[in-house]
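Counting from 1, the numbers follow the sequence of the chain as shown.
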Amino acid sequence: DYEKISDTRICSKYPNDNFGENMELIAGKSTSVGTARSLIEFELPVLKPADMVIKAIFNVTCFSDYRVSHQIHLHRILDSWNCYNVTWNTMPRYDSKIIDCNIFTDEVGKSVQFDITELVKDWYNNGNKHGVMLKDSDEAGAYVEFLATDTSEAYMALRPMKIIVLKQLQMVRGVYSALVFPAIRL
């Protein structure tokens with residue numbers, strides 16, 4: 001459900017502007033935006049006591065078609081933020097540790113996935129969930145655009161999403177067994 005995801009981009013060329021209602025997320029650098037990063041936060045499903053996360057994937061879809069190779073890093077955001085008022089100058093802190101990295105050539109409609117399994121498990125165990133940042137590896141020359149949640153209905157299926165696969169332990173005749181549930185797309 002895209003309504004459970006909030007996202008925006010921040011751009012160094014427009015350090016006091018907010019892009020919370022824009023249809024594109026950006027990571028990288030260009031003369032038109034300066035250095036750009038994207039911030040994404042999403043709700044997690046409520047787990048039952050016997051539920052376990054076994055896999056979590058975050059997916060974005062390319063909107064640019066420059067056919068340029070990109071290396072995009074996904075980082076944990078450390079501070080709270082709001083997609084309708086955050087700017088480059090009010091950017092939340094982020095962990096320098098790279099959660100996952102994806103190397104790809106951008107083209108319209110290409111799916112770009114990041115493994116966020118350990119991050120999601122940590123959020124469930126320890127809280128402090130403030131979302132993720134997409135950041136170009138060197139922020140030196142090219143940028144990539146992804147569709148944001150605020151894009152038009154025509155692109156609804158291509159909006160950012162997270163996919164979480166759960167395993168539930170059940171006791172049957174004194175022995176725990178695992179049931180794997182279909183992925184939850186949010």
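Side chains of W88 and C11 form no contact here, defined as non-hydrogen atoms less than 4.5 Å apart. Contact annotation: the side chain of P160 approaches that of F58 to within less than 4.5 Å [non-hydrogen atoms, C-beta and beyond]. Looking at heavy atoms from C-beta onward, Y143 lies out of side-chain contact with K29 at the 4.5 angstrom threshold. In this structure, the side chains of I57 and I116 stay at 4.5 Å or more apart for every pair of heavy atoms. Contact annotation: the side chain of V144 approaches that of I72 to within less than 4.5 Å [non-hydrogen atoms, C-beta and beyond]. In this structure the side chain of D106 reaches within 4.5 angstrom of the side chain of V68, judged on heavy atoms. Looking at heavy atoms from C-beta onward, P92 lies out of side-chain contact with L78 at the 4.5 angstrom threshold. Annotation: side chain of T105 is not in contact with side chain of H70 (no heavy-atom distance under 4.5 Å).
Checking side-chain atoms of T90 against main-chain N and O of T87 turns up a donor-acceptor pair under 3.5 Å. Proximity of a side-chain donor or acceptor of R76 to a complementary backbone N or O of L119 within less than 3.5 Å is not detected. With hydrogens and angles ignored, the 3.5 Å screen pairs a side-chain donor or acceptor of N102 with a backbone N or O of Q113. In this structure, the side chain of N125 engages the main chain of K121 through a donor-acceptor pair within 3.5 Å. A donor-acceptor contact shorter than 3.5 Å links the side chain of K13 to the backbone of T31. The main-chain N or O of D95 is found under 3.5 Å from a side-chain atom of H75 such that the two form a donor-acceptor pair. Under a 3.5 Å cut-off, the side chain of S111 and the backbone N or O of T61 do not form any donor-acceptor pair. At least one donor-acceptor pair under 3.5 Å links the side chain of D51 to the backbone N or O of K48. With hydrogens and angles disregarded, a donor-acceptor distance shorter than 3.5 Å links the side chain of D79 to the backbone of R93.
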### Task
Dump the intermediate steps for side chain to side chain contact (heavy atoms under 4.5 Å, CB included) on K55 and D115, then the final yes or no.
CA-CA 8 Å; K55 190 73 170 174; D115 186 335; 2.8 Å; yes

### Task
Quick one: do N18 and V86 satisfy side chain to side chain contact (heavy atoms under 4.5 Å, CB included)? Show the steps, please.
CA-CA 6 Å; N18 173 266; V86 68; 4.2 Å; yes

### Task
Take N22 and R9 through the test side chain to side chain contact (heavy atoms under 4.5 Å, CB included) and record every step on the way to the result.
CA-CA 8 Å; N22 202 283; R9 68 182 192 216; 3.3 Å; yes

### Task
Give the C-alpha distance, both sets of side-chain angles, the deciding distance and a yes or no for side chain to side chain contact (heavy atoms under 4.5 Å, CB included) between C101 and L74.
CA-CA 6 Å; C101 171; L74 183 133; over 6 Å; no

### Task
Evaluate the criterion side chain to side chain donor-acceptor pair (under 3.5 Å) for residue pair D7 and T149; output intermediate values, then yes/no.
CA-CA 7 Å; D7 56 20; T149 56; 3.0 Å; yes

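Going from atom CD1 of I54 over to atom OG1 of T117 covers 9.0 Å, rounded to the nearest 0.5 Å. Here the straight-line distance linking atom CG of D136 with atom CD1 of I26 works out to 12.0 Å at 0.5 Å rounding. Taking CD of E24 as the start and CG of L147 as the end, the distance is 7.5 Å to the nearest 0.5 Å.
Residues D150 and R159 are not paired through a salt bridge, judged by the lack of any N-O separation under 4.0 Å between the basic side chain and the carboxylate. Looking at E139 and R37, a side-chain N of the basic residue comes within less than 4.0 Å of a carboxylate O on the acidic one, giving a salt bridge.
A distance below 6.0 Å separates the ring centres of W123 and F42.
A continuous path of Ile, Leu, Val, Met, Phe, Trp and Tyr side chains, each step under 4.5 Å between heavy atoms, connects Y124 with I40, placing both in one hydrophobic cluster. Neither L134 nor Y66 shares a network with the other; the hydrophobic side chains, linked directly or stepwise wherever heavy atoms of I, L, V, M, F, W or Y lie under 4.5 Å apart, form separate groups for each. Cluster annotation: F114 is connected to F146 through the hydrophobic network of ILVMFWY side chains, with a link wherever side-chain heavy atoms come within less than 4.5 Å. By the rule that hydrophobic residues join a cluster once side-chain heavy atoms approach within less than 4.5 Å of another member, I10 and M23 end up as members of separate clusters.
Residues meeting the side-chain contact (heavy atoms from CB on, under 4.5 Å) test with E107, sequence neighbours left out: D65, R67, K110. Under the rule for a side-chain hydrogen bond (donor to acceptor under 3.5 Å, both in side chains), the partners of N89 that lie at least two apart in sequence or sit in another chain are N16. With sequence neighbours excluded, the residues forming a side-chain contact (heavy atoms from CB on, under 4.5 Å) with S80 are H130, listed by chain and number.
Using cut-offs of 30° and 60° for the angle between ring planes, the F19 and Y14 rings count as perpendicular.
Closest approach of V53 and L47 over heavy atoms only: CG2-CD1, 4.2 Å. When every heavy atom of A56 is checked against every heavy atom of V120, the shortest pair comes out as CB-CG2, 3.7 Å. The two atoms that bring C62 and F104 nearest to each other are SG-CE1, 3.7 Å, heavy atoms only. Residues F63 and V108 approach most closely at O-CG2, 3.4 Å, considering heavy atoms. When all heavy atoms are compared, the tightest approach of A36 to V33 is CB-CG2, 4.0 Å. I77 and V132 get closest at one heavy-atom pair: CD1-O, 3.2 Å.
The number of heavy atoms from other shown groups lying within 6.0 Å of CD (E21) does not exceed 12.
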